[in-house]
There are 2 protein chains.
Amino acid sequence: MITEKARPEILSLIRQHYPQLAERKLQDEIANEGTIMHFKAGSLIMDFGAYVKIMPLIIKGSIKVSREDEEGNELFLYYLKPGETCSMSFTCCLMDKKSEIRTVAEEDTTLIGIPTRFMDEWMSRYLSWKNFVMTSYDNRMLELVRTIDSIAFKKMDERLMDYLEQKAEANDSRTLNATHQEIAYDLNASREAVSRLLKQLEKDGVVQLGRNRIELL
Amino acid sequence: MITEKARPEILSLIRQHYPQLAERKLQDEIANEGTIMHFKAGSLIMDFGAYVKIMPLIIKGSIKVSREDEEGNELFLYYLKPGETCSMSFTCCLMDKKSEIRTVAEEDTTLIGIPTRFMDEWMSRYLSWKNFVMTSYDNRMLELVRTIDSIAFKKMDERLMDYLEQKAEANDSRTLNATHQEIAYDLNASREAVSRLLKQLEKDGVVQLGRNRIELL
DNA sequence: GGTTTGCAGTGACGAATATCACAATAACTG
DNA sequence: CAGTTATTGTGATATTCGTCACTGCAAACC
């Protein structure tokens, strides 16, 4: 992970990716207090149980958010994309609580990290910031409900297809690089089940498979 | 559903159940703008797809929140208890969106309804209101994540026990009145599966069963 | 009190996955 | 290129739960 302080660059990134944060003074504050951070694809950004110290404004790339139970079973929740932030962070920041989730860089990812102490302050001071925070909460909530729909109401083949589509979107590519085992972890399924379902999808002409590669047709 | 305007009563209810909303002027506003509403046990408060017009501050009783998919399959999400509010409401109110959930009175329930237009305004004006709203979002988010844990990682017997415990807490009673079919709907399971698992729990000495009655031991 | 209705119990069977055990193959490495 | 490792394929079997078909029983209603 590489970080940099770069006031003018942050200003331009914010204007580009967060146009709704239009207030000049707010943009100034973000530029003053924020730090540009780079994460390599695959690197762990924040682990389950860690204390959150920054709130991330995502600029480039994407972040995979997942949940784990006591026995180490994992479940993918959703991706964060540029223009989005992690609402779970608020919670953790404001209440000084441990993280309930794990975040990993899906691609090489750039974000602006805002130290937690400003988040709350800015809520009262900047209308656009307050709206942004509320909208983020709302979006994350909706994602969680969709995740619930998926695991509660759908069978594995449909969940798999949904997952592949989301992953394709997060990576901006219809060709995915992932092993069946990795997908199985994300879906909390068995590797064999994923293999068989993928095979079926290939027979159906929906995907084309290769070693470490899945192409959506 | 019965409603009443009752300024002094609202004041006292708020002070009693929402002590964190300590600002005098905020309490005044709530008393001025809020309406006391009563719902009979079992009555539908808000259906899936409806537009939300009020934000509920729950005073007495409890509310069951659930989700439904396109085919009409249902899934229980969580209960709201006195001192809590429905964060989904914010979302709907602020963005003028349709409800993603259904809420039904689990017991006879009393709440103070706040017309949506004030919620946003008060966020900027009253610190304690802002904190309340944020905390509510956080709590609901956590509930959703726990729901996900439950359906993703647990088997039906454990989900059933969790559900019974939650229901007991929501009803303030270790003796529950519910048919196996109703429970099956809430868990998105089959009636037969629920019957068999309950029977097993009875054998294990964890519950005692009767017609329309489940006693937690 | 006899009938109807709703709830619960039960067996048989099937579908969706998990689990286990290994075979086959592709990619990497010295 | 030979050997090793990672990945994928596949069959057999087990488990969890859903579905269907029916029975028994208790409560509610004439």
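FYI, side chains are in, hydrogens and waters are out, and symmetry mates aren't considered; it's all heavy atoms of this structure. In what follows, every chain begins at residue 1, and chains take the letters A, B, ... in the order their sequences are listed.
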Can you tell me if B/T147 uses its side chain to pair, donor with acceptor, with the backbone of B/E143 under 3.5 Å? yes
Classify the side chain of A/R211 versus the base of D/dA6 as yes if they form a donor-acceptor pair under 3.5 Å and no if they do not. yes
Backbone N/O of B/V206 and side chain of B/D204: donor-acceptor pair under 3.5 Å: no
Closest to the side chain of B/R191, out of D/dA21, D/dT8, D/dG18, is D/dA21
Looking only at C/dT17, D/dA21, D/dG18, the nucleotide nearest the B/E192 side chain is D/dA21
Rounding to an integer number of Å, can you tell me how far A/M156 CE sits from C/dA15 P? 18 Å
Figure out the CD/C1' separation between A/E71 and C/dA18, and round it to whole Å. 15 Å
So which nucleotide from C/dA8, D/dA12, D/dG9 ends up closest to the side chain of A/R196? D/dA12
Would you say A/H180 places a side-chain N or O within less than 4.0 Å of OP1 or OP2 belonging to D/dT8? yes
Separation of atom NZ in A/K203 from atom C1' in D/dG9, rounded to whole Å: 11 Å
Where the side chain of A/N171 meets the backbone of A/K167, is there a donor-acceptor pair that is under 3.5 Å apart? yes
Charged N to carboxylate O below 4.0 Å: is that the case for B/K64 and B/D186? yes
Between atom CG in A/L209 and atom P in D/dT8, what is the gap in whole Å? 9 Å
For B/S190, report the nucleic acid contact type (base, sugar-phosphate, nothing); a contact means any heavy atom under 4.0 Å. base
Closest to the A/A193 side chain, choosing from C/dA8, C/dA18, D/dT7: C/dA18
From the candidates D/dT19, C/dC7, C/dT17, the one with an atom nearest any side-chain atom of B/N212 is C/dC7
Whole-Å distance between C/dA18 P and A/N73 CG? 11 Å
Can you measure B/E182 atom CD to C/dG6 atom P for me and round it to whole angstrom units? 13 Å
Please report the distance, rounded to the nearest Å, between CG in B/N177 and C1' in C/dC7. 14 Å
Roughly how many Å is it from CD1 in B/I151 to P in D/dC17, rounded to a whole number? 14 Å
Would you say a side-chain N or O of A/K199 is under 4.0 Å from OP1 or OP2 of D/dG9? yes
Within 6.0 Å of OH in B/Y185, more than 12 heavy atoms from elsewhere: no
